[in-house]
Structure formats: C-alpha cells, structure tokens
K.L.:
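To start, I am sharing the structure in question, which I have written as structure tokens.
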Amino acid sequence: MSLTGTAANLVTLAEGAEHGGNHASLSPYVTGIGAFAVLLLLLWITTRFNRDR
C-alpha cells in the first residue's frame, strides 16, 4: 500500500466521523462522575487494607 493510498483511506475514514462518534446516551458528566466514584472506591478499599501505618 502506498503512502498516497493510505492517506486517501485516512481522509475517507475521517470524513465519516464528523458526527463525533459518541453514543447519544453517553453524557460526559455521567461518565466523569462515575469514573471519579470508582476511583474513590478503589482508594477507600486500598486504605482499608493498608492498616500497618
């Protein structure tokens, strides 16, 4: 595959992704809050098992 052929394929691929590519029901706020909650839960679990300090 040549460089120009690869570039043409990438342009075609990029043109199809104009709508953002995200699912309509995924809110960035819900995703962020969910990830933050999971990280806080993991932090809490880690501190509960580290009782030797």
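All values below were derived from every heavy atom in this structure, side-chain atoms included, with hydrogens, water molecules and symmetry-related copies excluded.
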K.L.:
Tell me who clusters with Val30, hydrophobic residues only, linked when side chains sit under 4.5 Å apart either directly or through other members.
P.N.:
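Answer for Val30: none, a lone residue.
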K.L.:
Going from CG on Leu43 to CG on Leu39, what distance comes out if it is rounded to the nearest 0.5 angstrom?
P.N.:
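These two atoms lie 8.5 Å from each other.
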K.L.:
Can you name the side-chain hydrogen bond (donor to acceptor under 3.5 Å, both in side chains) partners of Thr46, sequence neighbours left out?
P.N.:
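Checked Thr46 against side-chain hydrogen bond (donor to acceptor under 3.5 Å, both in side chains); zero matches.
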K.L.:
Going by side chain to side chain contact (heavy atoms under 4.5 Å, CB included), name the residues that satisfy it together with Ile45, two or more places apart in sequence or in a different chain.
P.N.:
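So Ile45 forms a side chain to side chain contact (heavy atoms under 4.5 Å, CB included) with Leu41, Phe49.
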